[in-house]
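Reviewing the structure listed below.
Just so it is clear, the model here is predicted, and its values are computed rather than measured.
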Amino acid sequence: MLLRNTVDTTAVPPAERFEMWLDLVARTASPLRIRTEHAHDFAARAEIVELDPIRVVNYRYPSLDAVGSSRLVRESAPEIYTLALTVDGDGAASQAGKSSVLGPREFIFYDGSRPHGVRHVGDDGGRQPARSVVAIIPHAALPLSPDRLAPLLGGRMSGTEGIGALLAQFLLQIARHPEQYHAADAPRLGTVGLDLVSTMLGRHLVAEDAVPTEARRRAVVTQMRAYIQRHLGDATLSPQVVADAHHVSLRTLHRLFEAEESTVASYIRELRLARCRHDLADPGLRGQPVQAIGARWGFPDKAHFSRAFRKAHGVGPQAWRAGQAQDAAREVNPAASTVNPVAAD
C-alpha cells in the first residue's frame, strides 16, 4: 500500500482541534494564518499520500480563510508549489496581484514561497464541509522555471476538460483509493502526476515547447492508458482503435510506447487478464460462468480466452478459479482437507 498518513482532528477534544489543524498545515504545506467560525470545534480530516517527488493530500474541513503573509513566508520560505482542486464547495484565491473565484472541479495554482490568500466555503452556505485534493510539488521538480510560471500564480484552471480533466481524475483516484497501489508504485505514480501537472501548466502558458518532450510523451501515454482502461470490455479494442481515437498513426502509437514496459497489445492483454483474475477470485461471482467473465473483459471466444489465460498462468481459468477458492477455504479453516481440482478449460 502507498505510504499514507491520516490526520483526523475529531480524535482529540474539540478545544484542541484547531491547533492540531494549524500544526498539520504548517508541516505538510506552509504556515498559514487561518480564520474560521469553527475554531471552537474544528472537525477536519486530511489523508496524505506520499509519492515521489509529489505529495497528494485529500482535505475535508469547515469553511475558512487562510493567508500566507509576507512575514510567514520570510520565516519559512517553503520552496513548494500547490495545485489545489476544489471538490466540494466554492473558493477564492489570490497571489501576485491576481484573484480567482473557484467552483467545483477547478484548480488553483500558487507558490508557497510568495504571499498568498485562500478562501474555501462548504456547500449549503458553509454548513457542509469543504473538500479539496491538493498536489504539493517541490520547485525543483517542475521543468518550468519560477519566472516562467509566474503568470499562472493565483489563476484558475479547469479540471473538467483536456489535460486538466485527466489530472483531476488521477489525483482523485490516488487520494480516494491509495490502498489499490503498492508502495513500489509511488515513484512511477509520482512521475505520472508530475508529467500531467507540467503538461497542464505548459498548455496554460500557451508554450508547449516549454514542456520537455519526454514529459509530453508520458502525458500522452497516460491519456492512452486511461482510454484503454475505459474501453477494456470492448472486444474490438486494439492498437489501431487506440491510435484512431487519439488521432495518431499506428506507427506513432508504437513509437510512444517504445519506452514503456510493454507494447500496446501486451498492455491491453495483461490488463484484461488482470481483470479476469480479479473476477474469477471474487467469491460473489462464483455463480457466473468462466466464459461470461472472459467476455466481459474482451475475450468473447472461449478457446482464445483459455489459451491466453493458460499461457500467462500455466493453468486454464477454470482450474485457476478452483485453486483460488481452495486457498480462500484454507484461510478460513487451515485444518480443512483439500482436493486437487480436475477441470477442463
Test item: M200 and L83 side chains (from C-beta on) under 4.5 Å apart, heavy atoms:
yes

Does the side chain of V290 come within less than 4.5 Å of L280's, by heavy atoms?
yes

Discussion item. For a 4.5 angstrom cut-off between non-hydrogen side-chain atoms, does L253 reach M224?
Written reply: yes

Checklist entry - When the aromatic ring centroids of H313 and F309 are compared, is their separation below 6.0 Å? => result yes

Decide yes or no on side chain to side chain contact (heavy atoms under 4.5 Å, CB included) for L172 and L85, but give the supporting numbers first.
-> CA-CA 9 Å; L172 288 168; L85 176 70; 4.1 Å; yes

Closest non-hydrogen atoms of S100 and G154, given as atom of the first, atom of the second and distance, are OG-O, 2.6 Å

(Q) Assess, by modelled atom type and distance only, whether the side chains of Y81 and S113 contain a donor and an acceptor separated by less than 3.5 Å. (A) no

> Do E261 and R188 come within less than 4.5 Å of each other through their side chains, counting heavy atoms only?
Replying inline: yes

Salt bridge (charged side-chain N to carboxylate O under 4.0 Å, His left out) pairs touching residues 276-287, sequence neighbours excluded, are D279-R296

Has Q95 got a side-chain atom pairing as donor or acceptor with R114's backbone, closer than 3.5 angstrom? yes

Looking only at heavy atoms, the pair that brings G159 and F107 closest together is CA-CE1, 3.8 Å

Kindly work out whether a path of hydrophobic side-chain contacts (I/L/V/M/F/W/Y, heavy atoms less than 4.5 Å apart) joins L250 to Y227. yes

Between the CG atom in L149 and the CG atom in D111, the distance rounded to the nearest 0.5 Å is 8.5 Å

Between L51 and L2 the two heavy atoms that sit nearest each other are CD2-CD1, 4.1 Å

### Message
Are the side chains of R255 and T252 in contact, using a 4.5 Å heavy-atom criterion?
### Response
yes

Here the gap from I108 atom CD1 to E106 atom CD, rounded to the nearest 0.5 Å, amounts to 9.0 Å

Ignoring hydrogens and geometry, is there a side-chain-to-backbone donor-acceptor pair from T9 to A44 under 3.5 Å?
-> yes

Give the intermediate values and the outcome of side chain to side chain donor-acceptor pair (under 3.5 Å) for residues S132 and Y61. CA-CA 9 Å; S132 63; Y61 43 76; 3.1 Å; yes

* **K98 side chain reached by Y110 side chain, heavy atoms, under 4.5 Å** => no

| said: side chain to side chain contact (heavy atoms under 4.5 Å, CB included) for R310 and F305? Distances and angles first, verdict last. | reply: CA-CA 8 Å; R310 187 181 297 276; F305 175 42; over 6 Å; no

Inset, instruction - For T28 and L24, indicate whether the former's side chain and the latter's backbone hold a donor-acceptor pair under 3.5 Å. - result: yes

If two hydrophobic side chains count as joined below 4.5 Å and joins carry through other members, does V221 share a cluster with V242? yes

>> For the backbone of P300 and the side chain of Q291, can you confirm whether one donor and one acceptor N or O come within less than 3.5 Å of each other?
In response: yes

Steps toward side chain to side chain contact (heavy atoms under 4.5 Å, CB included) verdict (I293, F299)
CA-CA 8 Å; I293 290 174; F299 292 107; over 6 Å; no

Check your understanding: Can any side-chain N or O of D123 pair as donor or acceptor with the backbone N or O of G89 at less than 3.5 Å?
Key -> yes

| Within one Ile-Leu-Val-Met-Phe-Trp-Tyr cluster: I136 and L22, side-chain cutoff 4.5 Å | yes

Residues P53 and L194: closest non-hydrogen pair is CG-CD2, 4.0 Å

Smallest heavy-atom separation, I48 atom then V57 atom, equals CG1-CG1, 4.0 Å

Applying side chain to side chain donor-acceptor pair (under 3.5 Å) to S238 and not counting sequence neighbours gives none

Interatomic distance, OG1@T82 vs CZ@F109, rounded to 0.5 Å, equals 8.5 Å

Within the supplied structure, the quantity of interest is the number of heavy atoms (other residues, nucleotides, ligands) at a distance under 6.0 Å from E179 CD; does it exceed 12? yes

Task: Side chain R217, main chain L256, donor-acceptor under 3.5 Å - done: yes

**OP:** Tell me whether the centres of the aromatic rings in Y59 and H120 are closer together than 6.0 Å.
**Re:** no

Between T222 and L196 the two heavy atoms that sit nearest each other are CG2-CD1, 4.3 Å

Surrounding NE2 of H304 (heavy atoms of other residues, nucleotides or ligands, distance under 6.0 Å), is the total greater than 12? no

| message | Classify the ring geometry of W21 against F42: parallel below 30°, tilted from 30° to 60°, perpendicular beyond 60°. | response | tilted

- Query: When you look at NE2 of H182, are more than 12 heavy atoms from neighbouring residues, nucleotides or ligands closer to it than 6.0 Å?
  - Reply: no

CG of D8 to CZ of R17, rounded to nearest 0.5 Å, is 8.5 Å

Side chain to side chain, V49 and Y181, heavy atoms closer than 4.5 Å = no

Under 6.0 Å from the ring centre and within 45 degrees of the ring axis: does the NZ or CZ of R275 meet both conditions for the six-membered ring of W297? yes

Given 3.5 Å as the limit, does a donor-acceptor pair link the side chain of T191 with the main chain of P187, or not?
yes

In this structure, CZ of R119 is separated from CG of L102 (nearest 0.5 Å) by 11.5 Å

In short, salt bridge (charged side-chain N to carboxylate O under 4.0 Å, His left out) pairs touching residues 223-240 with sequence neighbours left out are R225-E260

NE2 (H204) and CZ (R156) are apart, to the nearest 0.5 Å, by 11.0 Å

Side-chain heavy atoms under 4.5 angstrom apart, residues restricted to Ile, Leu, Val, Met, Phe, Trp, Tyr: same cluster for V241 and V220?
yes

Q | Test: R45 and E47 ion pair at under 4.0 Å | A | yes

- Report whether I268 and L271 are members of the same hydrophobic cluster (ILVMFWY, side-chain heavy atoms less than 4.5 Å apart, transitive linking). yes

Open item on the list: Show, in sequence, the C-alpha distance, side-chain angles and deciding distance for I80 and I137, and conclude whether the side chain to side chain contact (heavy atoms under 4.5 Å, CB included) test is met.
Closed with: CA-CA 5 Å; I80 57 170; I137 311 153; over 6 Å; no

- Indicate yes or no: at least one non-hydrogen side-chain atom of S69 is less than 4.5 angstrom from one of P115. no

Would you find more than 12 non-hydrogen atoms of other residues, nucleotides or ligands less than 6.0 Å from H278 atom NE2?
no

Would you say that more than 12 heavy atoms from the other residues, nucleotides or ligands in this model lie under 6.0 Å from the CD of E37, or not? no

